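Okay, so here's the structure we're looking at.
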Amino acid sequence: MAIKLGEIVKHLDGQLKNGDSDIIIQGIAPFDHAQPGWITFAIDKKILPRINETRADAIICGKQFENRPDIEKRLIIVDNPYAGFAKAAQLFLPPAPPSMGIHNNATVGESVSLGKNISIHPGVVIGNQSTIGDNVIIRANTVIGENVTIGNDTLIYPNVTILDNCIIGSRVIIHSGTVIGCDGFGFAPDGEIYEKVPQSGIVRIDDDVELGANNTIDRATFGQTWIKKGVKTDNQVHVAHNVIVGENSVLVAQVGIAGSSKLGNHCVVAGQTGISGHLTIGDHVTIGPKAGVAQSVENHQTVSGNIAMPHQVWLKVQNIIPKLPDMKKQLTRLEKQIAEWGNPD
Amino acid sequence: MAIKLGEIVKHLDGQLKNGDSDIIIQGIAPFDHAQPGWITFAIDKKILPRINETRADAIICGKQFENRPDIEKRLIIVDNPYAGFAKAAQLFLPPAPPSMGIHNNATVGESVSLGKNISIHPGVVIGNQSTIGDNVIIRANTVIGENVTIGNDTLIYPNVTILDNCIIGSRVIIHSGTVIGCDGFGFAPDGEIYEKVPQSGIVRIDDDVELGANNTIDRATFGQTWIKKGVKTDNQVHVAHNVIVGENSVLVAQVGIAGSSKLGNHCVVAGQTGISGHLTIGDHVTIGPKAGVAQSVENHQTVSGNIAMPHQVWLKVQNIIPKLPDMKKQLTRLEKQIAEWGNPD
Amino acid sequence: MAIKLGEIVKHLDGQLKNGDSDIIIQGIAPFDHAQPGWITFAIDKKILPRINETRADAIICGKQFENRPDIEKRLIIVDNPYAGFAKAAQLFLPPAPPSMGIHNNATVGESVSLGKNISIHPGVVIGNQSTIGDNVIIRANTVIGENVTIGNDTLIYPNVTILDNCIIGSRVIIHSGTVIGCDGFGFAPDGEIYEKVPQSGIVRIDDDVELGANNTIDRATFGQTWIKKGVKTDNQVHVAHNVIVGENSVLVAQVGIAGSSKLGNHCVVAGQTGISGHLTIGDHVTIGPKAGVAQSVENHQTVSGNIAMPHQVWLKVQNIIPKLPDMKKQLTRLEKQIAEWGNPD
């Protein structure tokens with residue numbers, strides 16, 4: 001790759017300092033690994049005081065470096081250096097390979113509608129009546145059920161399963177091993193046994209969603225399980241039937257959300273947290289790692305803890321829990337003292 | 001679909017009120033979505049007072065509506081309305097597609113015994129000496145190892161893995177991404193390294209079991225890991241080697257059961273709970289969500305909590321934990337008061 | 001199988017007591033199931049007092065049986081009976097089937113380098129420029145991306161995904177459903193949306209590693225996520241980008257390790273534990289089940305608990321937590337008593 005520094009600065013809507021916009025940049029690398037001819041970034045607090053020490057040809061950094069005549073390095077000053085780094089790194093991704101069409105060892109059902117410039121890798125199976133958008137890449141051994149719709153520019157990694165009637169948006173990325181549209185967990189106790197409640201709904205995944213590896217997103221009993229625009233999930237996330245995950249919310253690894261709960265927009269749920277069923281979690285809610293959320297949460301709250309509570313309370317509680325043995329001894333001591341005083345002798 | 005109302009009533013062993021058994025029903029839908037020509041159900045407590053408000057042609061409901069002359073709607077009164085709803089919804093499932101036999105792009109090994117009316121989808125691989133029962137459906141890209149036995153009427157979704165020598169019953173449903181018969185986690189420390197303990201046993205899955213997506217069920221070291229009749233598991237459940245899960249027990253999403261533990265019949269284990277190894281959990285035991293079970297549990301107990309304890313205790317404990325900072329302050333205050341009184345001045 | 005007893009003793013570097021090295025042994029089985037012609041092992045404390053009761057032809061046991069003239073059974077006395085059992089059981093594994101070469105229904109890309117005696121099962125897809133070592137077995141429907149390197153004698157089970165550029169060592173075992181090289185979870189908030197941080201690094205898996213089923217091992221942002229020599233993971237383990245897991249460490253089922261954390265050598269992380277990002281866990285650290293580790297841990301420590309703390313503290317804390325309701329009552333009683341005394345009346 002070879003991109004003029006000025007083009008990078010323009011792409012980031014940044015401001016070049018000490019710079020020569022015509023130099024050619026070949027790549028982007030971390031601060032201590034970047035070589036001459038590359039750019040780097042200064043985000044980590046430990047890096048900031050060392051900003052003159054990189055060998056890179058330019059550094060993406062924040063506005064705090066705007067009036068720093070002591071820095072001789074070329075700087076690309078942006079409002080949001082982390083996002084600036086992300087956008088610059090996107091520029092240096094290798095170009096997508098040319099579309100390969102449908103590989104001979106793929107199996108495409110009847111009445112399938114196929115967009116332009118698609119790549120259907122070996123071992124892929126696409127069921128009848130499905131619709132695949134333009135520029136879609138479906139990597140090896142992924143299975144698309146019947147009557148599935150996939151939007152444009154969507155990338156599906158190997159060994160994914162998308163089951164019948166589900167709807168996937170545009171610019172969606174789905175990582176390997178993820179299952180979309182498995183049955184919701186619905187069983188009616190009937191004496192000794194359980195009757196299966198048929199799961200007739202679908203899963204709907206909106207545009208710009210990215211789902212990590214080995215996720216499971218259940219289809220709705222009726223209607224839809226709905227992952228809204230811009231949601232990002234990490235690996236091994238479980239989303240039960242009829243759940244709604246609001247726009248641009250983030251679910252970290254091994255999170256589970258039980259049936260019919262609604263998560264608002266711009267939420268962050270940290271790793272290994274569980275959310276019970278039929279709850280309403282507001283917008284802009286942050287939930288700490290390994291939390292157990294058993295009650296609905298209002299907008300803009302931060303909750304944490306095995307039994308989720310306000311995060312400020314949890315910070316105190318987690319300091320006290322290791323001191324419980326001392327508290328118990330203290331309590332016993334006080335009780336004894338009071339008992340002695342209470343006993344006339 | 002078109003089913004006479006009377007047939008539905010008969011199938012549910014129900015009692016028709018205000019009814020005309022000859023009207024034709026086309027489907028079943030939730031209370032607020034059902035249209036004329038459809039049936040619905042009244043289970044949710046919020047729905048019950050609004051029972052006259054649906055547009056559906058008939059309502060599955062419980063015995064509390066038996067003597068309610070104020071209700072003009074057609075009612076299908078049953079003992080267990082949730083199970084009645086499940087059974088009615090099963091009636092309206094689309095009919096299974098005709099058996100497709102073995103797709104050209106499937107690979108079937110040597111000496112495989114195949115039942116009648118099977119459907120082996122593209123990309124399926126079946127190893128040598130395996131036995132597939134009648135009416136079995138194996139969806140795309142699922143792998144069946146060598147010498148596996150699968151009973152009649154079993155449905156296996158895409159991208160499932162069933163490894164060598166495992167035994168699967170009849171009317172079993174296995175969802176995508178689930179792995180049956182991976183090695184149990186057995187390693188003997190030997191100085192700096194670990195020696196692998198060969199896992200020579202199998203997994204046995206009995207009739208009428210349903211396993212969710214992305215489960216992992218380990219084969220036994222010797223003998224069998226055994227999922228008994230009627231068990232239902234949600235997604236991302238882990239069952240270690242030599243575990244026994246008793247009849248009609250339910251494992252909710254992301255539960256893990258460590259090696260050699262025995263779970264009784266009719267248990268319910270809520271989501272994200274972990275059960276340690278070599279424990280005995282009795283019959284009819286309920287375990288709360290996100291619990292850590294480190295000790296055996298007697299029949300008919302309900303236990304909860306990160307360190308599992310009787311559920312009634314846990315309900316109190318979880319109220320107290322957020323109050324720990326106040327308790328600590330209170331304790332310090334009392335200690336100070338007592339110290340002052342104890343000091344002669 | 002038929003192996004002379006003397007050969008087994010030699011393989012285990014053991015000492016034969018009451019023995020005849022020329023007898024033929026056909027297999028190994030647990031203490032109460034072993035038949036004449038087989039060997040067994042005495043490891044479990046419940047078995048040791050019953051050591052004369054087996055029907056097996058010889059018993060693998062520890063040094064405590066060295067000077068026990070009361071035991072008439074043939075004994076194979078070893079320093080480490082659990083490791084001895086593992087090694088003996090390995091002897092009785094069925095021989096690997098002859099290499100099958102490349103099955104007709106596998107798809108091998110361009111410029112792939114293939115070792116000797118390989119078995120590439122049906123449905124396997126191998127991308128361009130990949131290198132497969134000698135004696136490698138890749139079972140059905142596994143997908144190997146482009147430019148992947150796999151060492152000698154490695155065994156990959158069905159439905160595994162190894163993505164582009166990853167490096168897998170020799171004598172590695174990877175169980176079904178595991179995904180190696182999925183993108184790390186990196187997103188930069190940019191106003192309302194998230195910018196994807198490209199994940200350009202790889203996953204490197206060293207020799208003698210065994211990964212359980214349905215693991216997810218993320219590729220690094222830059223550089224490598226590194227699973228070092230001899231590591232063993234159980235099922236459903238999640239390892240995030242840029243994590244390092246040290247030599248011979250063990251990760252039990254459903255563990256999650258967040259980005260950039262470093263785990264030392266010879267650690268054991270028990271089931272369902274979560275480790276936060278950017279931590280340093282020392283060598284020989286043991287972490288209890290279902291722990292939440294939010295701080296770095298020194299060498300040779302044992303930590304436990306939902307908020308990880310020294311294990312000895314946790315043992316006390318977990319006894320006190322169920323007593324919190326009593327402590328709260330006790331505290332209220334004391335406060336009342338003190339208030340009465342404090343009030344002049």
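The sequence lines fix the lettering, A, B, ..., with proteins before strands; numbering per chain opens at 1. In this text, all values refer to a predicted model and were calculated from it rather than measured experimentally. All heavy atoms count here, side chains included; hydrogens, waters and symmetry mates do not.
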Checklist entry - Which of parallel (below 30°), tilted (30 to 60°) and perpendicular (above 60°) describes C:Phe41 and B:Phe222? => result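 Aromatic pair C:Phe41/B:Phe222 classed parallel.
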
Mind checking whether [X] and [Y] have side chains closer than 4.5 Å, heavy atoms only?
X: B:Asn306; Y: C:Lys290; value: yes
X: C:Tyr157; Y: B:Thr161; value: no
X: C:Trp341; Y: B:Ile338; value: no
X: C:Leu334; Y: B:Leu331; value: no
X: B:Pro189; Y: C:Tyr82; value: yes
X: B:Val179; Y: C:His175; value: no

Item to check | Interface residues of residues 319-326 of chain B facing chain C - non-hydrogen atoms under 4.5 Å apart | outcome: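 Within residues 319-326 of chain B, the residues under 4.5 Å from chain C are B:Ile320, B:Ile321, B:Lys323, B:Leu324.
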
Sort out for me which of [options] touches chain C most, counting heavy-atom pairs under 4.5 Å.
options: B:Arg333, B:His238, B:Met309; answer: B:His238
options: B:Ile193, B:Asp183, B:Val313; answer: B:Asp183
options: B:Lys316, B:Lys196, B:Gln337; answer: B:Lys196
options: B:Thr216, B:Val197, B:Asp190; answer: B:Thr216

Checklist entry - Distance only, no hydrogens: is a donor on one side chain within 3.5 Å (strictly under) of an acceptor on the other, for B:Glu195 and C:Gln90? => result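 There is such a pair between these side chains.
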
Checklist entry - For residues B:Gln330 and C:Glu335, is any side-chain donor paired with an opposing acceptor at under 3.5 Å? => result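 Yes, because at least one side-chain N or O of B:Gln330 sits under 3.5 Å from a partner of the opposite role on C:Glu335.
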
Does any heavy atom of chain C fall under 4.5 Å from the side chain of [X], the backbone, both, or neither of them?
X: B:Thr273; value: backbone
X: B:Gln272; value: backbone
X: B:Ala291; value: backbone
X: B:Val255; value: backbone

Top contributor to chain B contacts, counting heavy-atom pairs under 4.5 Å, from [options]:
options: C:Asn265, C:Asn141, C:Thr332, C:Leu93; result: C:Asn141
options: C:Lys229, C:His103, C:Glu210, C:Met327; result: C:Glu210
options: C:Thr233, C:Asn104, C:Val252; result: C:Thr233
options: C:Lys232, C:Lys87, C:His33; result: C:Lys232

Next on the checklist: When you measure from the side chain of C:Asn159 to the backbone of B:Thr142, do you find a donor-acceptor pair of N or O atoms at a distance under 3.5 Å?
Outcome noted: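 Not confirmed, C:Asn159 side chain does not pair with B:Thr142 backbone.
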
Item to check | Short side-chain to backbone donor-acceptor contact, C:Asn248 and B:Glu192, under 3.5 Å | outcome: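 Judged by distance alone, yes, a pair lies under 3.5 Å.
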
Side chain / backbone / both / neither for [X] at chain B, heavy atoms under 4.5 Å:
X: C:Val268; value: side chain
X: C:Phe85; value: side chain
X: C:Asp234; value: both
X: C:Pro289; value: neither

Checklist entry - What residues, two or more places apart in sequence or in another chain, satisfy ring-ring contact (aromatic ring centres under 6.0 Å, His included) together with C:His266? => result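 With sequence neighbours excluded, C:His266 shows a ring-ring contact (aromatic ring centres under 6.0 Å, His included) to C:His284, given in chain and number order.
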
Next on the checklist: If the condition is ring-ring contact (aromatic ring centres under 6.0 Å, His included), which residues does B:Phe187 pass it with, not counting sequence neighbours?
Outcome noted: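 Once residues adjacent in sequence are excluded, the partners of B:Phe187 under the ring-ring contact (aromatic ring centres under 6.0 Å, His included) criterion are B:Phe185.
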
Nearest heavy-atom neighbours spanning [X] and [Y]:
X: B:Asp164; Y: C:Arg139; answer: OD1-NH2, 2.9 Å
X: C:Asn214; Y: B:Gly177; answer: ND2-O, 3.3 Å
X: C:Gln254; Y: B:Gly256; answer: OE1-CA, 3.4 Å

Next on the checklist: Restricting to side chain to side chain donor-acceptor pair (under 3.5 Å), what partner residues turn up for C:Thr107, sequence neighbours left out?
Outcome noted: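 A:Asn105.
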
Checklist entry - Is the number of heavy atoms from other residues, nucleotides or ligands under 6.0 Å of C:His300 NE2 greater than 12? => result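 Correct, the count exceeds 12.
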
Checklist entry - Under 6.0 Å from the CD atom of C:Gln35, do we count more than 12 heavy atoms belonging to anything else shown? => result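 Check passes, neighbour count above 12.
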
